[in-house]
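Basis for what follows: all heavy atoms, side chains included, without hydrogens, waters or symmetry-related copies. On a predicted model such as this, the values are computed, not experimentally measured, just so you know.
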Amino acid sequence: MRILHTADWHLGRTLEGRSRLPEQEQFIDELADIVEKEKIDVVLMAGDVFDSVNPPAAAEQLFYESLARLSDKGKRPVAVIAGNHDHPERISAAAKLVADYGILLIGWPDTAVYRIEVPTRNEAMMLAPLPYPSESRLAELLSKEHSEISLRDRYDERIRHLFATMAASFSEKTVNVAMSHIYVAGGSTSDSERPIEVGGAYTVSAASLPKQAQYVALGHLHRPQDVKRAETAARYSGSPLAYSFSEAGYAKSVTIVDVKPGETAAVSEIPLSSGKPLVRWRATEGIAQVYRWCEEGKDASAWIDLEIHLSQPLSMEEIYRLRKLHSGFVHIRPVFPEKEEHIESDRREQLSLEEMFRRFYERQTGGGKADDELVRLFLELVTEQEEEGETEE
């Protein structure tokens with residue numbers, strides 16, 4: 001049986017107000033091609049279909065179109081679970097409508113295990129799905145204590161118990177797979193996994209994953225990676241696109257799992273090429289260097305985070321020209337090395353509060369001088385704040 005594992009599509013997500021929907025459509029096209037070319041028997045989507053609990057209509061349309069293409073009118077089973085960005089009801093709302101097409105939509109976490117018949121292989125899969133299991137979605141108070149450590153231990157214990165309960169339905173005659181949207185301790189994170197409790201209470205140990213499963217398909221982390229210290233094959237497929245500049249340089253992929261009943265799974269990955277890369281430019285030689293890069297066609301199809309070293313602020317005309325030269329500039333962040341050196345020098349000096357304010361005012365106004373009345377008012381405000389703080393203490 002050939003399984004394709006994907007996750008964290010985040011349909012509807014933007015990049016600083018810029019739509020990523022065209023790139024997400026490219027990904028769905030590429031995914032559909034991979035499924036056909038690689039003769040995939042089952043598709044697993046491990047959560048975060050959407051980027052919010054109330055996604056735009058275009059994102060929902062793309063999702064349902066993707067299900068239709070991937071399932072091929074019921075010839076290929078597709079299973080989808082809700083992630084922390086998804087509303088459970090929205091994911092499962094159409095479950096009954098699509099069930100006859102071999103599509104399984106699961107929004108709420110529970111202990112149900114699903115037998116999925118795979119017609120292309122004349123085999124069956126036992127799927128133990130666990131959509132994002134927060135306390136509220138589990139409808140449980142896991143710990144009365146306010147200690148993060150206590151809650152983390154109880155949470156880990158609860159997830160381990162849920163997996164163990166589901167694993168009891170596994171059979172030697174079926175392919176046994178677990179799928180969840182959780183954070184397993186030790187995974188490599190990025191800024192775009194928001195808002196998640198990385199390092200916090202909702203953390204699961206690798207040992208809590210069901211060792212009876214031949215493969216554990218995970219979603220939540222955007223960097224493709226195997227789970228270390230797991231007692232079975234477990235992996236995050238990662239997101240199909242880079243969703244923050246902390247993911248610059250990440251290689252995106254989908255995971256392929258070849259497995260037979262009673263045998264060890266063989267796991268591989270297929271790289272993705274769709275979507276624009278996110279890159280960082282650091283122009284230490286000033287704006288002329290940026291103009292040169294644009295003329296050379298550097299990263300012509302990328303989203304760019306630009307850091308540019310300057311001695312004077314950029315004018316609106318210069319900013320407009322930069323954005324006209326390259327439509328991919330998302331951030332244009334000026335850096336003034338001389339001023340930073342001056343600030344660091346100030347820190348080393350033993351300056352009075354009055355002198356620090358005067359220098360700050362001069363830097364902020366481009367050389368203006370704070371008059372004595374303004375300085376007096378500033379010092380009075382500081383004194384009032386200090387007195388109020390002493391009174392509260």
Short side-chain donor-acceptor distance under 3.5 Å, [Y] and [X]:
| X | Y | value |
| --- | --- | --- |
| His5 | Tyr215 | yes |
| Asp299 | Trp281 | yes |
| Gln26 | Ser274 | no |
| Glu65 | Gln61 | yes |
| Thr232 | Gln214 | no |

- Taking it one step at a time, do Gln24 and Leu62 satisfy side chain to side chain contact (heavy atoms under 4.5 Å, CB included)? CA-CA 9 Å; Gln24 292 169 337; Leu62 180 58; 4.1 Å; yes
Validation row: [X], [Y] side chains within 4.5 angstrom (heavy atoms):
| X | Y | result |
| --- | --- | --- |
| Gln212 | Asn176 | no |
| Val113 | Leu127 | no |
| Pro240 | Trp9 | yes |
| Leu31 | Leu4 | yes |
| Glu135 | Tyr202 | yes |
| Leu70 | Asp72 | no |
| Ile3 | Val177 | yes |
| Arg282 | His309 | yes |

Would you mind checking if [Y] and [X] are paired as a salt bridge, meaning a charged N to carboxylate O distance below 4.0 Å?
| X | Y | answer |
| --- | --- | --- |
| Arg376 | Glu373 | yes |
| Arg13 | Asp48 | no |
| Lys276 | Glu23 | no |
| Arg76 | Glu36 | yes |
| Glu123 | Lys260 | no |
| Asp258 | Arg2 | yes |
| Asp86 | Arg90 | no |
| Arg20 | Asp51 | no |

What is the distance from atom [atom1] of [X] to atom [atom2] of [Y], rounded to the nearest 0.5 Å?
| X | Y | atom1 | atom2 | value |
| --- | --- | --- | --- | --- |
| Cys294 | Ile304 | SG | CD1 | 6.5 Å |
| Thr203 | Tyr183 | OG1 | OH | 6.0 Å |
| Tyr250 | Arg223 | OH | CZ | 4.5 Å |
| His161 | Glu157 | NE2 | CD | 9.0 Å |
| Ile106 | Ile81 | CD1 | CD1 | 7.5 Å |
| Lys252 | Asp8 | NZ | CG | 8.5 Å |

- Task: Check step by step if salt bridge (Lys or Arg N to Asp or Glu O under 4.0 Å) holds for Asp305 and Arg333.
- Result: CA-CA 8 Å; Asp305 175 76; Arg333 294 181 291 105; 2.7 Å; yes
- Item | Minimum-distance pair of heavy atoms, taken over all atoms of Pro131 and Pro109 | O-CB, 3.6 Å
Say whether, by atom type as modelled, one donor and one acceptor occur between the side chain of [X] and the main chain of [Y] under 3.5 angstrom.
| X | Y | answer |
| --- | --- | --- |
| Glu30 | Ser273 | yes |
| Arg18 | Glu16 | yes |
| Ser19 | Leu21 | yes |
| Thr120 | Asp41 | no |
| Arg158 | Pro133 | no |

- Given the rule in the salt bridge (Lys or Arg N to Asp or Glu O under 4.0 Å) test, do Asp156 and Arg160 qualify, once you have shown the distances and angles that lead to the verdict? CA-CA 6 Å; Asp156 182 46; Arg160 186 187 304 117; 2.9 Å; yes
Just checking [X]: does its [atom1] atom have more than 12 heavy atoms from other residues, nucleotides or ligands closer to it than 6.0 angstrom?
| X | atom1 | result |
| --- | --- | --- |
| Asp371 | CG | yes |
| Glu296 | CD | yes |
| Lys298 | NZ | yes |
| Tyr320 | OH | no |
| Gln312 | CD | no |
| Tyr101 | OH | no |

- Query: Checking side-chain hydrogen bond (donor to acceptor under 3.5 Å, both in side chains) for the pair Thr255/Arg235: CA distance, chi angles, key distance, verdict?
  - Reply: CA-CA 8 Å; Thr255 299; Arg235 180 173 171 82; 2.9 Å; yes
- Relative to the ring of His181, is the ring of His220 parallel (under 30°), tilted (30 to 60°) or perpendicular (over 60°)? tilted
- Item | Criterion side chain to side chain contact (heavy atoms under 4.5 Å, CB included) on Val43 and Val80, from CA distance to verdict | CA-CA 9 Å; Val43 176; Val80 180; over 6 Å; no
- Query: Does the separation of the ring centres of Phe63 and Phe50 fall below 6.0 angstrom?
  - Reply: yes
- Any chance the rings of His331 and Phe245 have centres within less than 6.0 Å? yes
- Task: Apply the test side chain to side chain contact (heavy atoms under 4.5 Å, CB included) to residues Leu138 and Leu162: give CA-CA distance (whole Å), side-chain angles for both, the deciding distance (0.1 Å), then the verdict.
- Result: CA-CA 11 Å; Leu138 289 169; Leu162 289 171; 3.9 Å; yes
- Message: Tell me whether the NZ or CZ atom of Arg321 lies within the 45° cone about the ring axis of Tyr291 and under 6.0 Å from its centre.
- Response: yes
- If you draw the axis of the six-membered ring of Phe329, does the NZ or CZ of Arg323 fall within 45° of it and under 6.0 Å from the ring centre? no
- Message: Go through it in stages, so that I can follow the logic: the residues are Met125 and Arg115, the test is side chain to side chain contact (heavy atoms under 4.5 Å, CB included), and I'd like the CA-CA distance, side-chain angles, deciding distance and then a yes or no.
- Response: CA-CA 6 Å; Met125 171 193 290; Arg115 181 184 177 91; over 6 Å; no
- salt bridge (Lys or Arg N to Asp or Glu O under 4.0 Å) between Asp100 and Lys73, worked out: CA-CA 9 Å; Asp100 290 341; Lys73 298 180 180 179; over 6 Å; no
- Task: Apply side-chain hydrogen bond (donor to acceptor under 3.5 Å, both in side chains) to the pair Trp108 and Glu89, showing each step before the final yes or no.
- Result: CA-CA 8 Å; Trp108 295 98; Glu89 295 290 357; 3.2 Å; yes
